[in-house]
Asks: 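This is the structure I have questions about; it appears just below.
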Amino acid sequence: KIYVADISEKYGPGHRGLFAAEEISAGEIIFENDPTTTAFYPFGDQRGIYSLEEFYRLISEQCDPDVKKYLTRYSLQYDDKHVIVPKNYLTRDIVDLCVFMNHSCEANCSQLDVKQVSALKDIEAGSMLTVDYGLYNTDDMQLLPFDVCRCGVTACAGNDVFKRYKHHDWQEKHYDYCSPYVRAKIDEIRKQRKKA
């Protein structure tokens, strides 16, 4: 159903993306990561969790520039102070298809957990599969995937991708798909609105 292709022309050298090999229907599960081969420890496993300070120290201790690049590209900050680091960062194996999913401000896929990706809408064969990184990241984070969005859709948020969670309309549309971290941020905003 899916394949990986080079998208260096759009995103720069070495970038790849995930594409639909055939039509995919809205709501369909596109793929599931195999927990035995995933690059990450199960969520909550302390071996994969680093404080930001520990994470930056880990990067500075690496002599191999490719390891540094891999850590920066594939580690995931999941709250204000913690990062999940791939367990395979020394070998730099890429075994999870989800790491090839690029951002779009009008994403066609949802990834509610690290295991499973499903279609938010009907997807034509040959279309790039995308998720909205704003569902998992906010402007409070230090380790953001990019500064300015270049997804190219009409509703592209540009440099406001990770600030959209503050807006009522965006919250109404996307809250159910957000990570627990982003939901907590939205809940706090809603609480403050009620007090005002």
Side-chain angles (χ1 to χ4, degrees), residues 4-18 31 33-105 107 109 111-117 128-151 157-166 178-185:
V4 177
D6 182 83
I7 51 172
S8 299
E9 194 173 303
K10 181 173 182 177
Y11 290 105
H15 277 269
R16 288 174 281 179
L18 215 58
F31 66 89
N33 286 318
D34 182 345
T36 63
T37 61
T38 181
F40 296 95
Y41 291 108
F43 191 77
D45 189 317
Q46 293 303 308
R47 289 174 295 174
I49 296 175
Y50 289 68
S51 69
L52 279 169
E53 184 180 302
E54 292 167 335
F55 173 70
Y56 288 124
R57 188 182 317 124
L58 177 67
I59 289 177
S60 68
E61 290 169 352
Q62 303 308 311
C63 298
D64 185 336
D66 289 333
V67 172
K68 288 179 188 273
K69 191 187 297 182
Y70 186 91
L71 280 167
T72 304
R73 183 180 237 174
Y74 295 112
S75 297
L76 306 169
Q77 185 172 356
Y78 69 93
D79 65 17
D80 291 334
K81 298 177 181 175
H82 298 93
V83 177
I84 301 174
V85 172
K87 60 186 176 185
N88 59 349
Y89 69 86
L90 289 175
T91 59
R92 303 186 307 285
D93 300 323
I94 298 177
V95 288
D96 293 330
L97 287 173
C98 63
V99 303
F100 297 117
M101 296 196 73
N102 290 288
H103 166 82
S104 173
C105 293
C109 295
Q111 186 178 8
L112 284 175
D113 55 48
V114 294
K115 299 174 190 167
Q116 185 174 288
V117 172
M128 183 160 65
L129 304 180
T130 56
V131 290
D132 186 338
Y133 290 2
L135 301 176
Y136 322 106
N137 302 274
T138 74
D139 56 344
D140 292 325
M141 291 178 162
Q142 291 183 35
L143 194 67
L144 289 172
F146 54 79
D147 296 322
V148 180
C149 180
R150 297 179 296 185
C151 70
N159 57 5
D160 289 335
V161 169
F162 305 113
K163 298 177 184 175
R164 291 172 300 157
Y165 73 97
K166 299 174 182 177
C178 290
S179 68
Y181 165 78
V182 177
R183 283 189 200 177
K185 293 278 186 184

Asks: Holding to side-chain contact (heavy atoms from CB on, under 4.5 Å), I want the full list of residues that pass it with D64, two or more places apart in sequence or in another chain.
Replies: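 Scan of D64 (side-chain contact (heavy atoms from CB on, under 4.5 Å), adjacent residues dropped) gives D66, V67, R92.
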Asks: For E53, does the CD atom have more than 12 heavy-atom neighbours from other residues, nucleotides or ligands under 6.0 Å away?
Replies: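 Incorrect, the count does not exceed 12.
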Asks: At their closest point, which heavy atom of C109 faces which heavy atom of V131, and how far apart are they?
Replies: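 Shortest heavy-atom contact: O-CG1, 3.7 Å.
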Asks: Residues in side-chain hydrogen bond (donor to acceptor under 3.5 Å, both in side chains) with K87, at least two apart?
Replies: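 With neighbours one apart ignored, the set is empty.
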Asks: Would you say V83 and L52 make side-chain contact, with heavy atoms under 4.5 Å?
Replies: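 The answer is yes; the side chains approach within 4.5 Å.
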Asks: Taking side-chain hydrogen bond (donor to acceptor under 3.5 Å, both in side chains) as the test, write out the residues that go with D140, two or more places apart.
Replies: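 Per chain and number, D140 pairs via side-chain hydrogen bond (donor to acceptor under 3.5 Å, both in side chains) with K185.
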Asks: For the residue pair C178 and R183, what are the closest heavy atoms and their distance?
Replies: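 Heavy atoms only, the tightest pair is O-NE, 3.2 Å.
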Asks: Between the side chain of D79 and the main-chain N/O of H82, is any donor-acceptor distance below 3.5 Å?
Replies: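 Looks like yes, one N/O pair under 3.5 Å.
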Asks: Got a second to check how far I84's CD1 is from S75's OG, nearest 0.5 Å?
Replies: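 Nearest 0.5 Å value for the CD1-OG distance: 9.5 Å.
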Asks: Under the 3.5 angstrom rule, does the side chain of K68 hit a backbone N or O of I59 as a donor-acceptor pair?
Replies: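 Indeed, once roles are kept as given, a pair shorter than 3.5 Å links the two residues.
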Asks: With sequence neighbours excluded, tell me which residues meet side-chain contact (heavy atoms from CB on, under 4.5 Å) with R150.
Replies: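 side-chain contact (heavy atoms from CB on, under 4.5 Å) list for R150, sorted by chain: Y11.
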Asks: How long is the span from the CZ atom in R47 to the CD1 atom in I49, to the nearest 0.5 Å?
Replies: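 So the CZ of R47 and the CD1 of I49 are separated by 11.0 Å.
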Asks: Taking the side chain as every heavy atom from C-beta outward, state whether K166 and D139 have any pair of such atoms under 4.5 Å apart.
Replies: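 Yes, at least one pair of side-chain atoms sits under 4.5 Å.
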Asks: Could you tell me whether the side chain of P86 reaches within less than 4.5 Å of the side chain of Y70, counting heavy atoms only?
Replies: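 With C-beta onward as the side chain, the pair touches.
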Asks: Taking side chain as C-beta onward, heavy atoms only, is Y181 less than 4.5 Å from T138?
Replies: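 Yes, their side chains come closer than 4.5 Å.
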Asks: Atom CE of M101 and atom CZ of F31: how far apart are they, to the nearest 0.5 Å?
Replies: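 Output value for this atom pair is 5.5 Å.
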Asks: Among all residues two or more places apart in sequence or in another chain, which pass the ring pair (Phe, Tyr, Trp, His ring centres under 6.0 Å) test with F162?
Replies: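 F162 satisfies ring pair (Phe, Tyr, Trp, His ring centres under 6.0 Å) with F146 only.
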Asks: Rounded to the nearest 0.5 Å, how far does CG of L129 lie from CZ of F100?
Replies: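 Rounded to the nearest 0.5 Å, the CZ-CG separation comes out at 12.5 Å.
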Asks: Over all heavy atoms of both residues, which pair between L58 and Y50 is shortest? Give the atoms and the distance, please.
Replies: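 Here L58 and Y50 meet closest at CD2-CE2, 3.8 Å.
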Asks: Could you check whether any side-chain N or O of N137 sits under 3.5 Å from a backbone N or O of V182, counting only pairs where one atom can act as donor and the other as acceptor?
Replies: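 Checking the backbone N and O of V182 against the side chain of N137, no donor-acceptor pair under 3.5 Å is found.
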Asks: Between L76 and Y136, is any pair of side-chain heavy atoms under 4.5 Å apart?
Replies: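 No, every pair of side-chain atoms sits at 4.5 Å or beyond.
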Asks: Ignoring hydrogens, what is the shortest heavy-atom contact between C105 and C151? Give both atom names and the distance.
Replies: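 Result for this residue pair: N-SG, 3.5 Å.
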Asks: First locate atom SG of C149, then atom CG of N159, and finally report the distance between them rounded to the nearest 0.5 Å.
Replies: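 Result: 10.0 Å between the selected atoms.
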Asks: Give a yes or no on whether the backbone of L143 and the side-chain of Q77 come within a donor-acceptor separation of less than 3.5 Å.
Replies: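 It does hold such a pair.
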Asks: Got F40 and D45 here, is their nearest side-chain heavy-atom distance under 4.5 Å?
Replies: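 SC-SC contact between F40 and D45 ruled out.
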Asks: Please report the shortest heavy-atom distance between S51 and E54, naming the atom on each side.
Replies: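 Heavy-atom minimum between the residues: N-OE1, 2.8 Å.
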Asks: Between L90 and Q62, is any pair of side-chain heavy atoms under 4.5 Å apart?
Replies: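 Answer yes - side chains close enough.
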Asks: Applying side-chain contact (heavy atoms from CB on, under 4.5 Å), run through N102 and K10 and close with a yes or a no.
Replies: CA-CA 11 Å; N102 290 288; K10 181 173 182 177; over 6 Å; no
Asks: For T72, enumerate each residue passing the side-chain hydrogen bond (donor to acceptor under 3.5 Å, both in side chains) test, keeping only those at least two apart in sequence or located in another chain.
Replies: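 Partners of T72 by the side-chain hydrogen bond (donor to acceptor under 3.5 Å, both in side chains) criterion come out as none, since no residue qualifies.
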